[in-house]
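In listed order, ligands and their atoms are each counted from 1.
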Amino acid sequence: MALLRHTTPEIKERSALTVNPAKTCQPIGAMYAALGVRSCMPHSHGSQGCCAYHRSTLTRHYKEPIVAGTSSFTEGSSVFGGQSNLLQAIENIFTLYEPNVIAVHTTCLSETIGDDLRQISQKAKDDGKVPDGKHIIYCNTPSYVGTHVTGYANMVKGILKGFAKKTGAPNGKVNIIPGFCEPSDMAEIRRLCGMLGVEIVMVPDTDGVVNGPLTGTYEMFPNYGTTPEEVGTMGDAAGSIGLGRWATAEAVNYLDAEFKVPGKILDLPIGLQATDRFVDALRKMAGVAVPTAVDFERGQVVDAISDYIQYLHGKKVALAGDPDQLLPMVEMLLTLGMIPAYVVTGTGGKLFEERMNALLKDVPYPCKFKNGEQADMYLLHQWIKTESVDLLIGNTYMKYIARDEDIPLIRHGFPILDRMGHQYFPTVGYKGALRMIEKITGAIMDRMDRDCPETKFELQM
Ligand code: SF4
């Protein structure tokens, strides 16, 4: 029996109902971004259910402990305001857990009642609840605006507002805002910059925090993540690069407006062309030449594409996820000769439509895409029921469609609750492109092996 047996092939226009959303709410993105600051305790200012849910989702995604505090609103605080809860929480957290930084975000509850984080943080400092040398940073993350990607963007800006400075002495570094991607991706971005000989400050950086080793000793604050001192140098950088408009534009524009650090917003470097654009921007911003070792890695991707494109050409793919991931992914599929037949993202914005139209303008297939509230996995499933595809790319929630429709699924994006790998192996850069090509060809060829007649069951492919 089909798991999603209530999904009908007939599509009725919906204006109020969302089913199986391709998004989640702001605070989890803020929590994830805060984890990329060294010795930082994310703090959820609201009732504790949100914090428990967001911690558990990140734990299920990374299979790691995720630290975060909560103001634990009661009905009283929901009516009269959560100031005393937050002040008490700040005191408790610095006393009991001793982080260097508390990064406060809000929930729909504290946003609706209108708590003023700036004022409460100042009061905590004035009342001596913030020990010397320790910090409180904050951002507003109303869940009824945008998605988890918006929450990430807001917290990155909050981190910059808290720590970034300008001394006036240029340091020649490049600021990298890596976008909502995996710790493995952040590590790969750092490695690629290192290969080019470009000195960077990357914030946030969750590599080592949410994919660390098992040593026998639990460290609540591992010695990883960007330090406040490093963020403090970002106002003196030669430029900033943001990877993914939705997740990084706020931060890049802030650095430009506040410190006159020129910024460039690119796609996450997923696939050949987006990685080329990233390498080119780095080269220009830092005034370096691209070394042979980078050319070599690029050449391997070109070689892999030419070796396997015949298995991929014309194959149709349905995708769901975040816009910053989807746009370069669609571009990569087109480079592989594939057809991004259906694409949905719960994150809104007109720009997505414009970029998708530009990417798809020469595709000889009526591809469908939608973003915003009703662009959910229910709609994606309905499209698939009307005309099926060869491959699904998306998070774990897509496994229901995969099973019902008997279509292979490549897990990508957030969250992945039922497979490993995303925390350790990148999908960005040339190495990440090779990994994606391996996964895609593997899925398509496994299906060919399963379904082909015995006479076509080839040893050599
Ligand atoms: S939508 Fe609001 S109540 Fe629900 S988890 Fe997000 S912040 Fe909490």
For this session: Show your reasoning for whether side chain to side chain donor-acceptor pair (under 3.5 Å) applies to D418 and T396.
Result: CA-CA 7 Å; D418 62 338; T396 288; 2.7 Å; yes

For this session: Around atom 8 (Fe) of ligand 1, find the nearest protein heavy atom and jot down its residue, atom name and distance.
Result: C50 SG, 2.3 Å

Exercise. Can a salt bridge be assigned to the pair R435 and E438 using a cut-off of 4.0 Å between side-chain N and carboxylate O?
Worked result: no

Exercise. Sub-3.5 Å donor-acceptor pair from the side chain of T18 to the main-chain atoms of E373, do we have one?
Worked result: yes

Exercise. Considering only heavy atoms, does S47 approach ligand 1 within less than 4.0 Å through its side chain, its backbone, both, or neither?
Worked result: neither

Exercise. Can you tell me which residue and heavy atom of the protein come closest to atom 6 (Fe) of ligand 1, and the distance to 0.1 Å?
Worked result: C25 SG, 2.4 Å

Exercise. Going by atom types alone, do H381 and E405 pair a side-chain donor with an acceptor below 3.5 Å?
Worked result: yes

Problem set entry | Numbering as shown, the atoms of ligand 1 that approach T107 to under 4.0 Å (heavy-atom distance) | 7 (S)

Problem set entry | atom 7 (S) of ligand 1: the protein heavy-atom neighbour that sits closest, reported with distance to 0.1 Å | S143 OG, 2.8 Å

Exercise. Does H54 reach ligand 1, in the sense of a heavy atom lying below 4.0 Å from it?
Worked result: yes

Exercise. Considering only heavy atoms of P27, which atoms of ligand 1 have at least one such atom less than 4.0 Å away?
Worked result: 7 (S)

Exercise. Which protein heavy atom lies closest to atom 2 (Fe) of ligand 1, and at what distance to 0.1 Å?
Worked result: C108 SG, 2.1 Å

For this session: Please confirm whether the backbone N or O of E10 pairs with a side-chain atom of Q382, one donor and one acceptor, at under 3.5 Å?
Result: yes

Exercise. Does a sphere of radius 6.0 Å around NZ in K368 hold more than 12 heavy atoms from other residues, nucleotides or ligands, not counting ones at 6.0 Å or beyond?
Worked result: yes

